[in-house]
Protein chains: 2
Amino acid sequence: MPSALTSHERDDALTRLSGWAFDASRNALYRRFEFDDFSEAFGFMTRIALEAEKCGHHPEWLNVYNRLEIWLTTHDAGNAVSALDIELATRIAALI
Amino acid sequence: MPSALTSHERDDALTRLSGWAFDASRNALYRRFEFDDFSEAFGFMTRIALEAEKCGHHPEWLNVYNRLEIWLTTHDAGNAVSALDIELATRIAALI
(Lines give C-alpha, C1' and ligand atoms only; values in the text may rest on other atoms or scores of the structure.)
Protein backbone atom coordinates (compact mmCIF):
# COMPACT_ATOMS: atom_id res chain seq x y z
CA MET A 1 0.00 0.00 0.00
CA PRO A 2 1.59 3.32 -0.96
CA SER A 3 1.77 5.89 1.81
CA ALA A 4 1.37 9.65 1.60
CA LEU A 5 4.57 11.66 1.54
CA THR A 6 5.04 14.25 4.24
CA SER A 7 4.80 17.81 2.96
CA HIS A 8 8.56 18.09 3.44
CA GLU A 9 9.23 14.95 1.36
CA ARG A 10 6.81 16.16 -1.32
CA ASP A 11 8.29 19.65 -1.54
CA ASP A 12 11.78 18.21 -1.60
CA ALA A 13 10.85 15.95 -4.53
CA LEU A 14 9.24 18.90 -6.34
CA THR A 15 12.51 20.81 -6.31
CA ARG A 16 13.84 18.09 -8.62
CA LEU A 17 10.72 18.05 -10.82
CA SER A 18 10.91 21.10 -13.05
CA GLY A 19 7.51 22.22 -14.34
CA TRP A 20 5.43 20.47 -11.69
CA ALA A 21 3.64 22.22 -8.85
CA PHE A 22 1.58 21.14 -5.87
CA ASP A 23 -2.16 21.78 -6.30
CA ALA A 24 -3.33 22.07 -2.70
CA SER A 25 -7.02 22.14 -3.69
CA ARG A 26 -6.70 18.62 -5.09
CA ASN A 27 -3.79 17.42 -2.98
CA ALA A 28 -2.04 16.51 -6.20
CA LEU A 29 0.99 17.20 -8.33
CA TYR A 30 -0.10 19.37 -11.24
CA ARG A 31 1.29 20.23 -14.63
CA ARG A 32 -0.15 21.87 -17.71
CA PHE A 33 1.15 21.29 -21.23
CA GLU A 34 0.37 23.10 -24.43
CA PHE A 35 1.06 21.61 -27.86
CA ASP A 36 0.71 22.75 -31.47
CA ASP A 37 -2.46 20.75 -32.08
CA PHE A 38 -4.55 17.78 -30.97
CA SER A 39 -2.40 15.25 -32.80
CA GLU A 40 0.66 16.33 -30.87
CA ALA A 41 -1.21 16.46 -27.57
CA PHE A 42 -2.73 13.00 -28.02
CA GLY A 43 0.59 11.56 -29.17
CA PHE A 44 2.09 12.74 -25.91
CA MET A 45 -0.86 11.34 -23.97
CA THR A 46 -0.25 7.97 -25.60
CA ARG A 47 3.36 7.98 -24.45
CA ILE A 48 2.22 8.86 -20.93
CA ALA A 49 -0.38 6.08 -21.04
CA LEU A 50 2.35 3.53 -21.75
CA GLU A 51 4.45 4.82 -18.85
CA ALA A 52 1.41 4.78 -16.58
CA GLU A 53 0.73 1.14 -17.39
CA LYS A 54 4.38 0.28 -16.84
CA CYS A 55 4.44 1.72 -13.35
CA GLY A 56 0.88 0.66 -12.51
CA HIS A 57 -0.15 4.20 -11.62
CA HIS A 58 -2.39 6.47 -13.66
CA PRO A 59 -2.99 10.18 -14.09
CA GLU A 60 -6.12 12.21 -13.77
CA TRP A 61 -6.02 14.28 -16.93
CA LEU A 62 -8.07 16.71 -18.93
CA ASN A 63 -7.47 17.36 -22.60
CA VAL A 64 -9.02 20.04 -24.78
CA TYR A 65 -7.54 20.17 -28.28
CA ASN A 66 -3.89 21.21 -27.79
CA ARG A 67 -4.06 21.62 -24.01
CA LEU A 68 -3.35 18.91 -21.47
CA GLU A 69 -3.68 19.23 -17.70
CA ILE A 70 -2.45 16.46 -15.43
CA TRP A 71 -3.03 15.85 -11.74
CA LEU A 72 -1.18 13.07 -9.95
CA THR A 73 -2.44 11.81 -6.64
CA THR A 74 -2.73 8.37 -5.05
CA HIS A 75 -6.16 7.08 -4.19
CA ASP A 76 -4.71 4.26 -2.08
CA ALA A 77 -2.73 6.77 -0.01
CA GLY A 78 -5.91 8.65 0.90
CA ASN A 79 -5.88 10.86 -2.21
CA ALA A 80 -2.51 12.31 -1.30
CA VAL A 81 0.82 12.52 -3.10
CA SER A 82 2.87 9.34 -2.74
CA ALA A 83 6.13 8.08 -4.18
CA LEU A 84 4.11 6.67 -7.10
CA ASP A 85 3.17 10.20 -8.17
CA ILE A 86 6.77 11.32 -8.01
CA GLU A 87 7.74 8.33 -10.12
CA LEU A 88 5.10 8.97 -12.78
CA ALA A 89 5.88 12.72 -12.86
CA THR A 90 9.54 11.86 -13.36
CA ARG A 91 8.68 9.46 -16.18
CA ILE A 92 6.51 12.10 -17.85
CA ALA A 93 9.24 14.71 -17.52
CA ALA A 94 11.66 12.28 -19.18
CA LEU A 95 9.42 12.09 -22.28
CA ILE A 96 9.82 15.75 -23.16
CA MET B 1 -17.99 28.53 -39.59
CA PRO B 2 -20.22 26.13 -37.66
CA SER B 3 -23.32 27.68 -36.15
CA ALA B 4 -25.00 26.86 -32.86
CA LEU B 5 -28.03 24.58 -33.07
CA THR B 6 -31.28 25.90 -31.71
CA SER B 7 -32.36 24.18 -28.49
CA HIS B 8 -35.08 22.47 -30.53
CA GLU B 9 -32.58 21.13 -33.10
CA ARG B 10 -30.23 20.04 -30.30
CA ASP B 11 -32.92 18.24 -28.30
CA ASP B 12 -34.22 16.62 -31.45
CA ALA B 13 -30.74 15.28 -32.25
CA LEU B 14 -30.34 14.04 -28.68
CA THR B 15 -33.40 11.83 -29.03
CA ARG B 16 -31.38 9.86 -31.60
CA LEU B 17 -28.20 9.81 -29.48
CA SER B 18 -28.72 7.23 -26.79
CA GLY B 19 -26.55 7.78 -23.73
CA TRP B 20 -25.82 11.45 -24.36
CA ALA B 21 -27.32 14.31 -22.38
CA PHE B 22 -27.19 18.08 -22.54
CA ASP B 23 -25.02 19.64 -19.82
CA ALA B 24 -26.50 23.12 -19.49
CA SER B 25 -23.73 24.33 -17.15
CA ARG B 26 -21.19 23.85 -19.95
CA ASN B 27 -23.51 24.22 -22.91
CA ALA B 28 -22.24 20.87 -24.14
CA LEU B 29 -23.24 17.34 -24.97
CA TYR B 30 -22.11 15.10 -22.14
CA ARG B 31 -21.47 11.41 -21.69
CA ARG B 32 -19.74 9.35 -19.07
CA PHE B 33 -18.20 5.94 -19.72
CA GLU B 34 -16.89 3.37 -17.32
CA PHE B 35 -14.53 0.58 -18.36
CA ASP B 36 -12.85 -2.38 -16.67
CA ASP B 37 -9.49 -0.68 -16.36
CA PHE B 38 -7.21 2.04 -17.73
CA SER B 39 -6.09 -0.04 -20.70
CA GLU B 40 -9.66 -0.41 -21.90
CA ALA B 41 -10.47 3.26 -21.23
CA PHE B 42 -7.39 4.52 -23.08
CA GLY B 43 -7.98 2.11 -25.95
CA PHE B 44 -11.42 3.63 -26.38
CA MET B 45 -9.95 7.14 -26.13
CA THR B 46 -7.54 6.27 -28.93
CA ARG B 47 -10.40 5.21 -31.17
CA ILE B 48 -12.20 8.46 -30.37
CA ALA B 49 -9.02 10.44 -31.10
CA LEU B 50 -8.88 8.95 -34.60
CA GLU B 51 -12.54 9.83 -35.23
CA ALA B 52 -11.96 13.34 -33.87
CA GLU B 53 -9.09 13.91 -36.29
CA LYS B 54 -11.16 12.52 -39.17
CA CYS B 55 -13.99 14.98 -38.58
CA GLY B 56 -11.71 17.85 -37.53
CA HIS B 57 -13.53 18.31 -34.26
CA HIS B 58 -12.25 17.38 -30.82
CA PRO B 59 -13.66 16.50 -27.42
CA GLU B 60 -13.07 18.01 -24.04
CA TRP B 61 -12.45 14.95 -21.93
CA LEU B 62 -11.38 13.90 -18.49
CA ASN B 63 -10.00 10.46 -17.71
CA VAL B 64 -9.29 8.95 -14.32
CA TYR B 65 -8.25 5.29 -14.52
CA ASN B 66 -11.33 3.44 -15.86
CA ARG B 67 -13.61 6.48 -16.03
CA LEU B 68 -14.02 8.76 -19.01
CA GLU B 69 -16.16 11.89 -19.17
CA ILE B 70 -16.68 13.69 -22.46
CA TRP B 71 -18.09 17.13 -23.22
CA LEU B 72 -18.74 18.18 -26.79
CA THR B 73 -19.17 21.81 -27.61
CA THR B 74 -18.02 24.04 -30.46
CA HIS B 75 -15.70 26.93 -29.69
CA ASP B 76 -16.25 28.49 -33.13
CA ALA B 77 -20.01 28.47 -32.57
CA GLY B 78 -19.63 30.52 -29.39
CA ASN B 79 -19.09 27.48 -27.13
CA ALA B 80 -22.46 26.04 -28.02
CA VAL B 81 -23.57 22.71 -29.48
CA SER B 82 -23.28 22.62 -33.28
CA ALA B 83 -23.76 19.97 -35.93
CA LEU B 84 -20.07 19.06 -35.43
CA ASP B 85 -20.82 17.91 -31.89
CA ILE B 86 -23.72 15.79 -33.07
CA GLU B 87 -21.45 14.25 -35.70
CA LEU B 88 -18.68 13.42 -33.23
CA ALA B 89 -21.16 12.06 -30.65
CA THR B 90 -22.65 9.85 -33.36
CA ARG B 91 -19.20 8.58 -34.36
CA ILE B 92 -18.35 7.82 -30.71
CA ALA B 93 -21.64 5.99 -30.25
CA ALA B 94 -20.83 3.89 -33.32
CA LEU B 95 -17.58 2.68 -31.69
CA ILE B 96 -19.34 0.92 -28.85
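Chain letters run A, B, ... following the sequence lines, proteins first and then strands; every chain starts at 1.
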In terms of heavy-atom pairs under 4.5 Å, which option from B:T46, B:V64, B:N63 contacts chain A the most?
B:N63
Comparing A:F38, A:W71, A:Y65 against chain B, the one with the most heavy-atom pairs below 4.5 Å turns out to be A:F38
I'd like to know if B:I96 and B:F42 are part of one continuous hydrophobic network [Ile/Leu/Val/Met/Phe/Trp/Tyr, side-chain heavy atoms within less than 4.5 Å].
yes
Measure the spacing between NE2 of B:H58 and CG of A:N66 and express it to the nearest 0.5 Å.
10.0 Å
Are B:W61 and B:Y30 connected in the hydrophobic side-chain network, where two residues link if heavy atoms are under 4.5 Å apart?
no
For chain A, which of B:H57, B:M45, B:E60 has the most heavy-atom pairs under 4.5 Å?
B:E60
I'd like to know if B:W20 and B:L62 are part of one continuous hydrophobic network [Ile/Leu/Val/Met/Phe/Trp/Tyr, side-chain heavy atoms within less than 4.5 Å].
no
Are B:L72 and B:I48 connected into the same hydrophobic cluster when the rule is that any two of I, L, V, M, F, W, Y join if their side-chain heavy atoms are below 4.5 Å apart?
yes
